[in-house]
Chemist: 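Quick one: the structure is below, questions incoming.
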Amino acid sequence: MISAYIFGAGQEYEKLISVIRLHSSEILIKGVVTTRQYYAAFVDGYPTYALSDAPFAESDYVILAVGAGWQEAMQSVSRYVSVGRIIRSKVFLTPFFDLAEYLRLKDSRCSILSNFCLGGIVSDQLGLEFLSPTVNMVCLGEEFIKFVNNFEEYLSVDMVEYKDETYIPRTRGTETFMGKGLVRDVTWYFRHSRQPAADVKKWNERRHRVNPDNIAVMMVLFTRDEVELFEKIPVKKKLGLFFEPTEYEDILYIPGWDNMGIRFEHEFRWAGYAQKYVLYPVGHILPVNWMKFLNGGEYLRVKEPV
């Protein structure tokens, strides 16, 4: 059993506490911590504390019961508790949540290298630290495979801003002027920002966080050639997404892309559809148990019924 304080006593707390009670044999709640100037002595029978007075040393973890303002809450609590001892409340709502599996993953400091947004979204959903510079970055095809096969070499140097305004393949010209960064001979695209200098700086900060002894690779695949190259990547924990069945266990078949209605709905963006399918399932079972996958478990995926 672990012990924990809950930080926050608002709406997010109300959602969290009902789930926490399902884990009463695994988690001992020591009290509730708040930044409110006025607060009751007890909440649901738990003693309450001001942030500056909370006896955090008496517990194993602090659970952030905070929604939209979790970054600010993390900054406030991390003045008193190391980031490794802080858990975001949202992880308790993760499909297939298992506390022991999650704590093992959190302590393992797994770095996810991903060629699209998938790795960053999974890390965020699981409340994990961003231990990879590829968060919110895009790298296409064989360049990403080249990067992964030699990631320690590529991460040993800084990224520089790449200002050549060339057409970006597979974007239909809609993102021609997307910011770009260059790491040796590999180009990364900044899809979610119009501040390439800031993105380059963030990459160079995060490249030092990568744990080379615990790597997971995620890739959206576009061609059969990429499938064959991906399968040869010498990393145990890897997951490819492809629109056709393959003979490889590391590559997950995403059905439906041959449906023209689905293609229109997703503006012919295969990567967006593939990631949505494995992250936000509608009408199908979530095909990946992310905690087991990132922990290197034997059964990485929850298969759909045939």
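Nothing fancy with the numbering, it's 1 onward along the sequence. Just so it is clear, the values below take in all heavy atoms, side chains as well, and ignore hydrogens, waters and symmetry mates.
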Chemist: How about F7 and I86: do any of their side-chain heavy atoms sit closer than 4.5 Å?
Modeler: no
Chemist: Are K90 and E12 close enough for a salt bridge, meaning some N to O gap below 4.0 Å?
Modeler: no
Chemist: Check whether more than 12 heavy atoms from other residues, nucleotides or ligands sit under 6.0 Å from atom OH of Y280, and answer yes or no.
Modeler: yes
Chemist: Do the charged groups of D213 and R109 touch, with an N to O distance under 4.0 Å?
Modeler: no
Chemist: Using 0.5 Å steps for rounding, measure from the CD1 atom of I112 to the CG atom of L131.
Modeler: 9.0 Å
Chemist: Mind listing the closest non-hydrogen atom pair of T187 and E143 along with its distance?
Modeler: N-OE1, 2.8 Å
Chemist: Decide, yes or no, whether a salt bridge links R88 with D124 under the criterion of side-chain N to carboxylate O below 4.0 Å.
Modeler: yes
Chemist: What heavy-atom pair brings S24 and M1 nearest, and what distance separates the two atoms?
Modeler: O-CE, 3.4 Å
Chemist: Can you measure from CD (E228) to CD1 (I251) and round to the nearest 0.5 angstrom?
Modeler: 7.5 Å
Chemist: Answer whether the closest heavy-atom distance between the side chains of R21 and D44 falls below 4.5 Å.
Modeler: yes
Chemist: Test your reading of the model: is there a side-chain donor-acceptor pair from D60 to the backbone of S3, 3.5 Å cut-off?
Modeler: yes
Chemist: Is there a path of hydrophobic side-chain contacts, each under 4.5 Å between heavy atoms of I, L, V, M, F, W or Y residues, that connects L128 with F293?
Modeler: yes
Chemist: Could you check if a side-chain atom of V183 sits within less than 4.5 angstrom of a side-chain atom of Y162, using non-hydrogen atoms only?
Modeler: no
Chemist: Could you measure the distance from the NZ atom of K237 to the CD1 atom of I215? Nearest 0.5 Å is fine.
Modeler: 8.5 Å
Chemist: Between Y154 and D185, does the side-chain hydrogen bond (donor to acceptor under 3.5 Å, both in side chains) criterion hold? Intermediate values first, please.
Modeler: CA-CA 9 Å; Y154 281 106; D185 56 347; 2.8 Å; yes
Chemist: Is it true that F151 and F147 have ring centroids separated by less than 6.0 Å?
Modeler: no
Chemist: Checking Y46 against F42 for the ring pair (Phe, Tyr, Trp, His ring centres under 6.0 Å) test, could you report, in this order, the C-alpha distance in whole Å, the side-chain angles of both residues, the deciding distance, and whether it holds?
Modeler: CA-CA 5 Å; Y46 304 121; F42 292 88; 9.5 Å; no
Chemist: Shared ILVMFWY cluster between V66 and F92, side chains joined below 4.5 angstrom?
Modeler: no
Chemist: In terms of hydrophobic clusters joined by side-chain contacts under 4.5 Å, are W188 and V135 together?
Modeler: no
Chemist: Closest approach of M291 and V91, non-hydrogen atoms and distance?
Modeler: CE-O, 4.4 Å
Chemist: Any heavy-atom pair between the side chains of V81 and Y61 that's under 4.5 Å?
Modeler: no
Chemist: Indicate yes or no for a side-chain donor-acceptor contact from T48 to the backbone of A41 under 3.5 Å, with no hydrogens or angles considered.
Modeler: yes
Chemist: Do you know which two heavy atoms are closest between L99 and I2, and how far apart they sit?
Modeler: CD2-CD1, 4.2 Å
Chemist: Examine distances only and state if a side-chain atom of Y102 and a backbone atom of L126 form a donor-acceptor pair shorter than 3.5 Å.
Modeler: yes
Chemist: State, to 0.1 Å, how close F116 and A271 come at their nearest heavy-atom pair, and which atoms those are.
Modeler: CE2-CB, 3.6 Å
Chemist: When the aromatic ring centroids of Y5 and Y49 are compared, is their separation below 6.0 Å?
Modeler: yes
Chemist: Does V288 reach the side chain of Y277, with side-chain heavy atoms less than 4.5 Å apart?
Modeler: no
Chemist: Is atom CD of Q195 surrounded by more than 12 heavy atoms (other residues, nucleotides or ligands) closer than 6.0 Å?
Modeler: no
Chemist: About how many Å separate CZ of F242 and CE of M219, when rounded to the nearest 0.5 Å?
Modeler: 10.5 Å
Chemist: With a 3.5 Å distance limit and no angle check, can you tell me whether N115 reaches the backbone of G141 through a side-chain donor-acceptor pair?
Modeler: no
Chemist: Hey, could you give me the CG/CD distance between D250 and E231, rounded to the nearest 0.5 Å?
Modeler: 4.5 Å
Chemist: In terms of side-chain geometry, is the basic nitrogen of K292 or D98 positioned less than 4.0 Å from the acidic oxygen of its partner?
Modeler: no
Chemist: Look up atom CG in D199 and atom CE in M159, then write down how far apart they are to the nearest 0.5 Å.
Modeler: 8.5 Å
Chemist: Looking at K201, I want to see if its NZ is surrounded by more than 12 non-hydrogen atoms of other residues, nucleotides or ligands under 6.0 Å.
Modeler: no
Chemist: L51 versus F56: any side-chain heavy-atom pair under 4.5 Å?
Modeler: yes
Chemist: For the side chain of S132 and the backbone of S111, is there at least one donor-acceptor N/O pair under 3.5 Å apart?
Modeler: no
Chemist: Do the side chain of R207 and the main chain of L155 share a donor and acceptor less than 3.5 angstrom apart?
Modeler: yes
Chemist: So, the side chain of T223 versus the backbone of E226: is there a donor-acceptor pair under 3.5 Å, distance only?
Modeler: yes
Chemist: Should the heavy atoms of other residues, nucleotides or ligands under 6.0 Å from CD of Q11 be counted, would the total exceed 12?
Modeler: no
Chemist: Find out whether I254 and W270 are in side-chain contact, i.e. whether some heavy atom of one side chain is under 4.5 Å from a heavy atom of the other.
Modeler: yes
Chemist: For N136 and G120, indicate whether the former's side chain and the latter's backbone hold a donor-acceptor pair under 3.5 Å.
Modeler: no
Chemist: Determine the sole option in Y273, F222, F268 for which the ring pair (Phe, Tyr, Trp, His ring centres under 6.0 Å) test with W257 is passed.
Modeler: Y273
Chemist: Do V186 and C139 have side chains that approach each other closer than 4.5 Å (heavy atoms only, starting at C-beta)?
Modeler: yes
Chemist: Charged N to carboxylate O below 4.0 Å: is that the case for K202 and E205?
Modeler: yes
Chemist: Is there a path from V235 to L241 through hydrophobic residues (I, L, V, M, F, W, Y) whose side chains come within less than 4.5 Å of each other?
Modeler: yes
